[in-house]
Amino acid sequence: MSDPIAASDPPQGAARSEIEVPGVRPPRRVLMGPGPSDVPDEVLAALSRTTIGHLDPEFLRIMDELQQMLRAVFRTRNELTLAVSGTGSAGMETCVVNLIEPGDRMLVCISGVFGRRMADVARRAGADVRTIERPFGEVFTLEEIERAAREHAPKVVGIVHAETSTGAHQPLQNLADIVHQAGALLLVDCVTSLGGMPVEVDAWGLDAVYSGTQKCLSCPPGLAPVTFSPRAVEVIETRRTPVQSWYLDLTMVRQYWGGERTYHHTAPINMNYALHEALRLVLAEGLESRWRRHTTNHRALRAGLEAMGLRFFVAAEHRLPMLNAVWVPEGCDEAAVRRQLLRDFGIEIGAGLGPVKGKVWRIGLMGASCCPRNVLLLLAALEQCLKRQGLDVESGAATAAAADAYGNTD
Ligand SMILES: *Cc1c(COP(=O)(O)O)cnc(C)c1O
């Protein structure tokens, strides 16, 4: 672009520009890690549309549509459904600080990094936190949660639906009944599951649910969809103390999203455009088809990885379709493989976190990243990297197994 001012020499005696930096020119990648996932061009185009005011009637209309689409994606009729300004962790914090008052008891189920984070957030919010733990990669049984809920009599039970740090799927069916019988609310982390596998907020009786934009919704990071059941709203409305976080206080934020349109903080306008478009694409595809797409590609990826001799970290019955954690084979430099994938093939995958740091790779199949092209590309590229590491891998076995799984045997 020609800019006559920038192009001319600085006037005599004027300070020279302090720093000269090139423009932002990120390389094109294939995002197959734990998020962010590939963002469709339509979503990037929406993000770049002209910025208007946060009280402009046209923006308010966009927000109303966004809210309706969020309800559809969450499968809920919950009135209090909106997109918090901030990433998934801001959604986590919003759910915790609005339900918890200092001294309230919260039971957190921990089987990975994000369960741990939830307990940390709750402690900082002044909760009397009790935890039950499972080794990374495992999930809880209903009986375990029921026992703990009876024993601790918490106000809120928090659990992670899709543990992105391990690739384990925590079943949620029938859990709400148990939690409600113990007199508690059920708070669920659906950051990675939303848009990639069933999340049935109303049918499963979930009380407070948060998600993020950059996992299976395939939008850049920056907003956190949340939804609260009428039961949870009542708890918020009858608080004795103000919400510990001013910024995340839904008693104020909801006045902007719903009722009075009162200014609280400036909505991240363009992020809302992007999420609007991302949700439009999710619903145009159809939730069920989208879930099926995640399962189909996961099956093909699994067949390919196993044909290369890689083993999954999580037991078969608890695996997530969108996050595939596999053990790093003996004698393999795990960081070197990730570096080569990125440098030679432009593919990003994730490293292990917490106790499995350096021991597993986490291969994401989230949203727009979840397609046969990426599965076959990753398998072919990984084969090259493993050979470079001196592993004995049969040429073409992985892609052939994946193609078989797709039913494409010719
Ligand atoms: C990514 C993730 C988060 C945190 O979201 P950020 O957008 O990184 O703040 C929380 N929980 C789970 C399960 C996640 O996968």
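Only heavy atoms go into these numbers, but all of them, side chains included; no hydrogens, no water, no symmetry mates. Quick note: residue numbers are just sequence positions, from 1. This structure is a prediction, so every number in the text was calculated from the model and none was measured. In listed order, ligands and their atoms are each counted from 1.
- Between E288 and R292 there is no salt bridge, since none of the side-chain N atoms of the basic residue sits less than 4.0 Å from a carboxylate O of the acidic one.
- Counting heavy atoms closer than 4.0 Å to ligand 1, residue K215 contributes side-chain atoms (C-beta onward) but none from N, CA, C or O.
- Protein heavy atom closest to atom 10 (C) of ligand 1, with residue, atom name and distance, is F114 CD2, 3.2 Å.
- If you check which protein heavy atom lies closest to atom 15 (O) of ligand 1, you get T164 OG1, 2.3 Å.
- Not a single N or O atom of Y210, backbone or side chain, sits closer than 3.5 Å to an N or O atom of ligand 1.
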**Request:** Dump the intermediate steps for side-chain contact (heavy atoms from CB on, under 4.5 Å) on R261 and L60, then the final yes or no.
**Result:** CA-CA 9 Å; R261 303 295 187 183; L60 298 178; 3.7 Å; yes
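- Closest to atom 4 (C) of ligand 1 among all protein heavy atoms lies S89 OG, 3.4 Å.
- Between K155 and D207, none of the side-chain N atoms (NZ, or NE/NH1/NH2) sits under 4.0 Å from a carboxylate O, so this pair counts as no salt bridge.
- Among all non-hydrogen protein atoms, the one lying nearest atom 11 (N) of ligand 1 is D189 OD2, 2.6 Å.
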**Request:** Output, in order, the C-alpha distance, side-chain angles, deciding distance and verdict of salt bridge (Lys or Arg N to Asp or Glu O under 4.0 Å) for R147 and E144.
**Result:** CA-CA 5 Å; R147 218 176 307 124; E144 285 169 319; 5.9 Å; no
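- Considering backbone and side-chain atoms together, G88 places an N or O closer than 3.5 Å to an N or O of ligand 1.
- Between T87 and ligand 1, an N or O atom pair is found at a separation short of 3.5 Å.
- Residue contact check for ligand 1: H161 places no non-hydrogen atom closer than 4.0 Å to it.
- Distances between N or O atoms of Q214 and those of ligand 1 include at least one value under 3.5 Å.
- Taking the ring axis of F114 as reference, the NZ or CZ atom of K215 stays within 45° of it and closer than 6.0 Å to the ring centre.
- A donor-acceptor pair shorter than 3.5 Å can be found between the side chains of T76 and D202.
- When heavy-atom distances to ligand 1 are checked against a 4.0 Å cut-off, A162 comes that close only through its backbone atoms N, CA, C and O.
- The side-chain contact (heavy atoms from CB on, under 4.5 Å) check on D177 picks up nothing, with sequence neighbours excluded.
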